[in-house]
2 protein chains.
Amino acid sequence: MAKQPNVPITEHLAYLLAQANREINRQLELRLSKEGVPVEQWRILKVLSDGDGHSMGELADAVLLNHPTLTKMIDRMVSDALVYRVQDPNDRRKVLMFISDRGKVLCRKLNSLAVDQEEHILESYGDKSTSELKRLLESLIDSSN
Amino acid sequence: MAKQPNVPITEHLAYLLAQANREINRQLELRLSKEGVPVEQWRILKVLSDGDGHSMGELADAVLLNHPTLTKMIDRMVSDALVYRVQDPNDRRKVLMFISDRGKVLCRKLNSLAVDQEEHILESYGDKSTSELKRLLESLIDSSN
DNA sequence: CTTCAATTCTTGAATATTCAATATTTTCAA
DNA sequence: TTGAAAATATTGAATATTCAAGAATTGAAG
């Protein structure tokens, strides 16, 4: 059997992704903390801001949280009057989530903080690299399904 | 004031990174679960497998965990006799971590599972895309410091 | 129609992570 | 040399996440 070459951890795609994600997420977190909102809540508000009702399952997929975690986060957001639940009339197992007016106001503020960050990345990292990286990430995600 | 265009969440770099990271990590987790080891422990073993002693702070940075989380994970790994602590003789505030023989054996098995995954990615995603993605990620990480 | 499996969401207990505070050691200025 | 500040690691309490089980509803086969 051939000896495995010992690949340093920094050369693994999984590690590079984790590292990049951690760093970018940390920066975004820092911005959003101005409004005292965790990144996941921004994602939720953003997905719901199309005004349509989204079931919990759909939301969980979209915002990269598993179901129980989402349920508990939504509980908090309902307390803060950012979103509200409506039973789906067509399938009463489902709960449809909607964004409130208060949620919309907050979401706009958060969007602009997030856009700030993207612009900051564009400056230091470059236009070309950024769009190329996005393209490659999308295609990686595609090829993983 | 100009109206902000409403960028869909799927176009944010932060989101794409989170999504890709989640997916790749999930796959790796699945492989490593064959040996019942979380991804973070594999990272720790891998970093320590140079045989040198690494302080907790150094390790925490390298494996993307914050200090208290690492301390507790190391406690478990010490119980499993995968690693051990030695007080740094040159600076007694520090603790140097070392990998045990048992840890080395496990690390080799894990490495080969991880290499399997990388190869699987190479197949479905392509050689060229993979190395280009790695390059871009490294440069993003660089530009963020 | 009835029943049983599948789907959807929530709950509670177990587990893990984080924050703030602590203990220890080192550094360095006075 | 002394004492205050910084660096390092750990601990315990507060918080968050996850796993497994449960409740409600739907779907679909017999």
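The chains referred to below are lettered A, B, ... by the order of the sequence lines, with proteins before strands, and numbering in each begins at 1.
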Atom CE of Met56(B) to atom C1' of dA7(D): distance rounded to whole Å?
15 Å

What ring pair (Phe, Tyr, Trp, His ring centres under 6.0 Å) pairs are there with at least one residue in residues 12-54 of chain B, not counting sequence neighbours?
His12(A)-Trp42(B), Trp42(A)-His12(B)

Applying side-chain hydrogen bond (donor to acceptor under 3.5 Å, both in side chains) as the test, list every pair that has at least one member in residues 31-40 of chain A; sequence neighbours left out.
none

Residues 88-125 of chain A vs ring pair (Phe, Tyr, Trp, His ring centres under 6.0 Å), sequence neighbours excluded, gives Tyr84(A)-Phe98(A)

State whether a side-chain donor-acceptor pair under 3.5 Å links Gln27(B) with Glu23(B).
yes

Within this structure, what is the CE-NE2 distance for the pair Met56(B) and His67(B), rounded to the nearest 0.5 Å?
8.5 Å

For Arg22(B) and dT17(D), give me the distance from atom CZ to atom C1', rounded to whole Å.
12 Å

Please name the pair of heavy atoms, one in Lys134(B) and one in Glu11(A), separated by the smallest distance, quoted to 0.1 Å.
NZ-O, 2.9 Å

Does anything in residues 80-95 of chain A reach DNA chain C, meaning a heavy atom under 4.0 Å, and if so which residues?
Arg85(A), Arg93(A), Lys94(A), Val95(A)

Tell me: CD of Gln41(A) to C1' of dA16(D), nearest whole Å?
13 Å

Any ring pair (Phe, Tyr, Trp, His ring centres under 6.0 Å) involving residues 16-40 of chain B? Give me the pairs, sequence neighbours left out, ordered by first then second residue.
none

Could you check which residues of residues 59-76 of chain B get a heavy atom under 4.0 Å from DNA chain C? Sort them by number, please.
Asn66(B), Pro68(B), Thr69(B), Lys72(B), Arg76(B)

Within less than 4.0 Å of OP1 or OP2 of dC9(C), is there a side-chain N or O belonging to Ser55(A)?
yes

Taking all atoms of both residues into account, what is the closest heavy-atom pair of Ala20(B) and Leu137(A), and its distance?
CB-CD2, 3.9 Å

In this structure, how many angstroms lie between the C1' atom of dA9(D) and the CD atom of Glu58(B), rounded?
14 Å

Gap between atoms CD and C1', on Glu29(B) and dT18(D) respectively (whole Å):
11 Å

